[in-house]
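Throughout, residue positions are numbered sequentially from 1 according to the sequence presented.
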Amino acid sequence: PEEITFKEMKVFNRGGAPLEISKIDTSCGCTQGNMKDPLIQPGESGTLIIRVDPHRFPGFETTKVLTIYSNDPVNVNISMPVTSKIKGEVKFSALKFDFGTLKENVSSEQIIHLTQTQPETVTIQEIILPEGTSEFITLEVKEVPPPEWKDSELAEHLLVARIAPGLSSGSHKINAEIKLNHIRYKGFKIPVTVRIEGPYAFSPDAITLRKVVPGVLQKGVMKLTSTVPMEIVNVSSSNENIQITYNSGTEPNSFNFDFLVPEAQKDRLQKDVLSVTVNADGKETTHEINVVALIAKLPEPTPSKTDGN
């Protein structure tokens, strides 16, 4: 919907007693529900009216939950998802910048075309990049001259992303935040991904492990290889429940990383950001490796049988 919209749904009473809808809660004020008549006789149906206000949610699609409370002895409350889609104020030629794999010290540029879908002016006020990335990853907005618009009333812009030489080797992903001046649609985030192929590489470039048994060392969860002389300067972890160590590999200029969760953890999902600083060919660089580990569910200890005497 583009404006406040109502949709009706039938609610059936399959029981043998009157059904009374006492309350309908919502997870967001943009989506609300009300009964025409809160009392439904056995074998009959009532009408649930769902109201969606697209001006109260910022994106182009949303799913909210209505919770219906009644005197049903089996289902005292029922949760019902409501999904709404609206026509956006801006149309995009793509939803992300994906540069694929680039050679080290090579620049690249990609463009996303933004077209307004209504005459009301939507302008980009600000572009925010994560701290530390603007030196090598940049975004700018260029206005398309009015004579080149497909529709003379619908303005067009170009969102230009550039990768500059000097970005460190490995995989990079950032979310650029684009702020708009629109009353409803305040802005959006657009991902920028690129992999720089340098003299060395982590394989894989993120560690994901399942069924991790506490106390059991998992060897070779990640490998670091280089075509030039290299040393590891420092390895640090952000999660004290996880231990990651490394040792020299069998190949020249290579290292293997091992993983260990020493003890059973209350939280079975353990996350970490591993910081690895390397010196390759005289250049020192720090890389952050995302680590996700799911601890295996250990069997409950069998209670010992005791003699009742």
Side-chain angles (χ1 to χ4, degrees), residues 96-110 129-139 161-176 191-262 270-295:
K96 64 178 180 179
F97 291 103
D98 187 355
F99 285 87
T101 301
L102 302 177
K103 295 288 186 180
E104 194 174 36
N105 294 320
V106 171
S107 61
S108 184
E109 178 181 288
Q110 286 191 1
L129 296 174
E131 186 177 352
T133 60
S134 58
E135 183 180 355
F136 302 110
I137 302 177
T138 59
L139 266 77
R162 295 186 181 90
I163 305 296
L167 191 61
S168 61
S169 61
S171 296
H172 301 269
K173 179 178 180 180
I174 67 167
N175 284 316
V192 182
T193 59
V194 62
R195 184 179 183 278
I196 303 298
E197 192 176 75
Y200 60 89
F202 293 90
S203 179
D205 54 18
I207 299 174
T208 303
L209 302 173
R210 295 178 176 84
K211 297 182 180 180
V212 174
V213 179
V216 177
L217 182 69
Q218 295 198 37
K219 295 185 176 182
V221 296
M222 183 175 68
K223 188 174 184 179
L224 173 60
T225 56
S226 175
T227 58
V228 298
M230 175 186 62
E231 65 173 334
I232 295 180
V233 179
N234 182 61
V235 174
S236 61
S237 170
S238 64
N239 187 339
E240 61 183 10
N241 299 325
I242 292 175
Q243 293 181 8
I244 299 180
T245 55
Y246 66 93
N247 51 75
S248 298
T250 56
E251 303 171 6
N253 301 314
S254 69
F255 297 88
N256 295 316
F257 291 78
D258 302 332
F259 179 93
L260 176 68
V261 173
Q270 295 289 318
K271 296 182 179 182
D272 187 15
V273 177
L274 183 69
S275 179
V276 181
T277 302
V278 301
N279 188 319
D281 205 19
K283 182 181 179 181
E284 193 169 294
T285 309
T286 299
H287 300 268
E288 290 188 343
I289 309 295
N290 290 321
V291 181
V292 177
L294 181 62
I295 310 299

Engineer: Just how far is it from atom OG1 of T138 to atom CG of L129, taken to the nearest 0.5 Å?
Structural biologist: 8.0 Å
Engineer: Look at the side chain of N239 and the backbone N and O of K271, then say whether any donor-acceptor pair between them is shorter than 3.5 Å.
Structural biologist: yes
Engineer: Please walk me through it: do V291 and F259 pass side-chain contact (heavy atoms from CB on, under 4.5 Å)?
Structural biologist: CA-CA 10 Å; V291 181; F259 179 93; 3.9 Å; yes
Engineer: With rounding to the nearest 0.5 Å, note down the distance linking CG in N279 to CE in M230.
Structural biologist: 10.0 Å
Engineer: Using a 4.5 Å cut-off on heavy atoms from C-beta on, say whether the side chain of E251 contacts that of K223.
Structural biologist: yes
Engineer: Evaluate side-chain contact (heavy atoms from CB on, under 4.5 Å) for N247 paired with T245, printing each intermediate quantity in order.
Structural biologist: CA-CA 7 Å; N247 51 75; T245 55; 5.6 Å; no
Engineer: Under the salt bridge (charged side-chain N to carboxylate O under 4.0 Å, His left out) rule, what pairs show up with a residue in residues 204-219, not counting sequence neighbours?
Structural biologist: none
Engineer: Answer whether the closest heavy-atom distance between the side chains of L224 and F257 falls below 4.5 Å.
Structural biologist: yes
Engineer: Looking only at non-hydrogen atoms, find the nearest pair between A293 and V212 and report the distance.
Structural biologist: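 Where A293 meets V212 most closely, the heavy atoms are CB-CG2, 4.1 Å.
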Engineer: Do L102 and I163 make a side-chain contact, defined as non-hydrogen atoms from C-beta onward lying under 4.5 Å apart?
Structural biologist: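 They are in side-chain contact.
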Engineer: Distance from I232 atom CD1 to S226 atom OG, nearest 0.5 Å?
Structural biologist: 10.5 Å
Engineer: To the closest 0.5 Å, what do you measure between OG (S171) and CD (E288)?
Structural biologist: 13.5 Å
Engineer: Among residues two or more places apart or on two chains, list those pairs meeting salt bridge (charged side-chain N to carboxylate O under 4.0 Å, His left out) that have a residue in residues 225-246.
Structural biologist: none
Engineer: In Å and rounded to the nearest 0.5 Å, what is the CD1 to CE distance from I207 to M222?
Structural biologist: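 Nearest 0.5 Å value for the CD1-CE distance: 4.5 Å.
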Engineer: Only one of V278, T225, V228 clears side chain to side chain contact (heavy atoms under 4.5 Å, CB included) with Y200; which?
Structural biologist: V278
Engineer: Testing the 3.5 Å rule here: is there a donor-acceptor pair between the side chains of Q218 and D258?
Structural biologist: no
Engineer: Take V235 and Y246 through the side-chain contact (heavy atoms from CB on, under 4.5 Å) test and state the conclusion after the steps.
Structural biologist: CA-CA 9 Å; V235 174; Y246 66 93; 3.6 Å; yes
Engineer: Do F255 and S248 come within less than 4.5 Å of each other through their side chains, counting heavy atoms only?
Structural biologist: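 SC-SC contact between F255 and S248 confirmed.
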Engineer: How close do P262 and Q243 get, counting heavy atoms only, and between which atoms?
Structural biologist: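 Looking at all heavy atoms of both residues, the closest pair is CG-NE2, 3.3 Å.
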Engineer: Are any non-hydrogen side-chain atoms of I137 and I174 less than 4.5 angstrom apart?
Structural biologist: yes
Engineer: Strictly distance-based, threshold 3.5 Å: is any side-chain N or O of Q110 a donor or acceptor partner for the main-chain N or O of D98?
Structural biologist: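 Side chain of Q110 to backbone of D98: a pair is present.
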Engineer: Heavy atoms only: give me the nearest S237-D272 pair and the separation to one decimal.
Structural biologist: OG-OD2, 2.7 Å
Engineer: Do the non-hydrogen side-chain atoms of E104 and P199 ever get within less than 4.5 Å of each other?
Structural biologist: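 Yes, side chains in contact.
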Engineer: Quick one: do N290 and V273 satisfy side-chain contact (heavy atoms from CB on, under 4.5 Å)? Show the steps, please.
Structural biologist: CA-CA 5 Å; N290 290 321; V273 177; 4.0 Å; yes
Engineer: Identify, with sequence neighbours excluded, every residue that meets ring pair (Phe, Tyr, Trp, His ring centres under 6.0 Å) alongside F202.
Structural biologist: H287
Engineer: Of all the heavy-atom pairs spanning L260 and G215, show the shortest one and how long it is.
Structural biologist: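 Minimum heavy-atom contact is CD1-C, 3.6 Å.
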Engineer: Taking C-beta and beyond as the side chain, do E284 and T277 meet within less than 4.5 Å on heavy atoms?
Structural biologist: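 Yes, their side chains come closer than 4.5 Å.
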Engineer: Work out which heavy atom in A164 is nearest to a heavy atom in E135; give both atom names and the distance.
Structural biologist: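 Heavy atoms only, the tightest pair is CB-O, 4.2 Å.
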Engineer: Are L139 and V192 close enough that some pair of their side-chain heavy atoms sits under 4.5 Å apart?
Structural biologist: yes
Engineer: What are the two closest heavy atoms between S275 and T286, and how far apart are they?
Structural biologist: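 Minimum heavy-atom contact is OG-CG2, 3.3 Å.
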